Amino acid sequence: MTDAPSRVRSLVAGNWKMNGLEASLNAAAAVRDALPGLGANAPGVMICPPATLLTALAAVAAGSALTVGAQDCHPAPSGAHTGDISAEMVKDAGASAVIVGHSERRADHGELDRIVREKAAAAHRAGLTAIVCIGETKGERLAGLTLDVVRRQLRASIPSASTAANLVVAYEPVWAIGTGLTPKPADVAEVHETIRKSLIGHLGEAARGVRILYGGSVKPDNARELLALPDVNGALVGGASLKADDFLAIIAAAA
Ligand code: 13P
């Protein structure tokens, strides 16, 4: 087992995916208002709303411990790319991070590791933290390929100049997303240990400070067990981040 990184503050990030209208800002405000009561061991807390709500959510979060992330960005800073938004625009809207390489983008938009790396580099260029998602499909797990897949995705998706300050890795097994299924705790720990070792191989000892989140059906009733595992430095939460009470229960489990 890898040594647990000494002073890594964990992060619980909510990925709202394609959910959220203006009324959903009430849930974000409820999360914001509960954060001061969580105590000194509270994790960092982030909400990644759809792009339409970035600016409004940044206003809700202003002056609080709540931070804001986007769900995607284009590699280029600007240009003729109808419908896309750049990392610079994400930053300008008040976000401090952006998710790249989510499996839903890889599946829905055919994004390959190379484009994920370009998007992560764009995030860094704009001064954002890149939350790079990796994870195996059900078929890859059944074939015993999980560790090979995450090593390959890491190697190809992470800019070589990444640091503990501007990189977060999210391990999200594709088959666990939105299904209510999660890997066995020992399997999560094995993958996170592999990710940590790979990161150290690519980025050096500073990679001990990179936060590695687990994502995929994290709920209030399984969060404590998952978040206590070695090298699990927080969670990327989908469905359960849409309700303030559920999201706060997960945040409390990380504290
Ligand atoms: P669920 O928590 O809904 O399984 O989604 C996980 C996820 O994809 C977060 O990015």
Side-chain angles (χ1 to χ4, degrees), residues 10-20 24 27-28 31 43-51 53-54 57 67-73 90 95-109 111 113 116 119-120 123 128-138 140-141 146 149-150 153-154 157 167-185 187-188 191-192 195 211-227 229 232-254:
S10 59
L11 172 67
V12 176
N15 174 9
W16 281 7
K17 308 192 180 186
M18 199 172 74
N19 298 291
S24 316
V31 171
V45 177
M46 180 181 293
I47 292 177
C48 303
L53 290 179
L54 277 175
L57 208 141
T67 56
V68 180
Q71 298 176 13
D72 182 48
C73 67
V90 166
S96 58
V98 57
I99 298 169
V100 294
H102 193 283
S103 64
E104 288 151 13
R105 297 228 34 112
R106 293 179 187 257
D108 294 354
H109 299 272
E111 293 187 4
D113 290 332
V116 175
K119 290 179 174 204
L128 298 169
T129 296
I131 303 175
V132 178
C133 300
I134 58 173
E136 82 285 2
T137 63
K138 185 83 186 167
E140 288 164 341
R141 173 156 288 270
T146 298
V149 167
V150 298
Q153 288 181 328
L154 260 191
S157 311
L167 176 69
V168 172
V169 174
Y171 168 54
E172 298 208 309
V174 178
W175 54 273
I177 294 174
T179 60
L181 303 172
T182 53
K184 293 190 201 78
D187 292 338
V188 173
V191 176
H192 279 240
I195 292 170
R211 284 169 293 185
I212 306 173
L213 313 185
Y214 169 77
S217 296
V218 178
K219 307 286 178 206
D221 62 1
N222 62 17
R224 194 167 297 281
E225 183 176 38
L226 290 164
L227 289 164
L229 294 168
V232 175
N233 311 119
L236 185 55
V237 184
S241 72
L242 296 171
K243 286 196 191 135
D245 286 352
D246 286 352
F247 193 45
L248 283 164
I250 294 168
I251 293 164

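Remember, it's 1-based here, ligands and their atoms both numbered in the order they're listed. Source: prediction; values computed, not measured.
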Discussion item. Heavy-atom contact check, 4.0 Å cutoff: does S217 meet ligand 1?
Written reply: yes

Fill in: Atoms in ligand 1 flagged as close to L236, the criterion being non-hydrogen separation under 4.0 Å
9 (C), 10 (O)

Worksheet, complete the sentence: The reported gap from OG in S24 to CG in L242 (rounded to nearest 0.5 angstrom) is 8.0 Å

Worksheet item: Going from CG on L53 to CH2 on W16, what distance comes out if it is rounded to the nearest 0.5 angstrom?
Response: 6.5 Å

Item to complete: Only one of I177, D108, D72, I131 passes side-chain contact (heavy atoms from CB on, under 4.5 Å) with H102; say which it is.
Response: I177

Response to the item:
Closest to atom 2 (O) of ligand 1 among protein heavy atoms sits G238 N, 2.9 Å

Discussion item. Is any side-chain heavy atom of L11 closer than 4.5 Å to one of N233?
Written reply: no

Discussion item. Is any side-chain heavy atom of V168 closer than 4.5 Å to one of L236?
Written reply: no

Fill in: Proximal ligand 1 atoms for G216, defined as those under 4.0 Å from one of its heavy atoms
4 (O), 6 (C)

Discussion item. Between ligand 1 and E172, is the shortest N or O to N or O distance under 3.5 Å?
Written reply: yes

Worksheet item: N/O to N/O below 3.5 Å, does that happen between K17 and ligand 1?
Response: yes

Discussion item. Any nitrogen or oxygen of G215, side chain or backbone, less than 3.5 Å from one on ligand 1?
Written reply: no

Worksheet item: Between G178 and ligand 1, does any nitrogen or oxygen pair lie at a separation below 3.5 Å?
Response: yes

Worksheet item: With a cut-off of 4.0 Å, which atoms of ligand 1 are near a heavy atom of G239?
Response: 1 (P), 2 (O), 3 (O)

Worksheet, complete the sentence: Looking only at heavy atoms, the pair that brings F247 and I47 closest together is CE2-CG1, 4.0 Å

Item to complete: Output the distance between atom CG (L154) and atom CD1 (I212), rounded to the nearest 0.5 Å.
Response: 8.0 Å

Worksheet item: So is A240 in contact with ligand 1, going by heavy-atom distances below 4.0 Å?
Response: no

Item to complete: Say whether N15, considering both its backbone and side-chain N or O atoms, lies within less than 3.5 Å of an N or O atom on ligand 1.
Response: yes

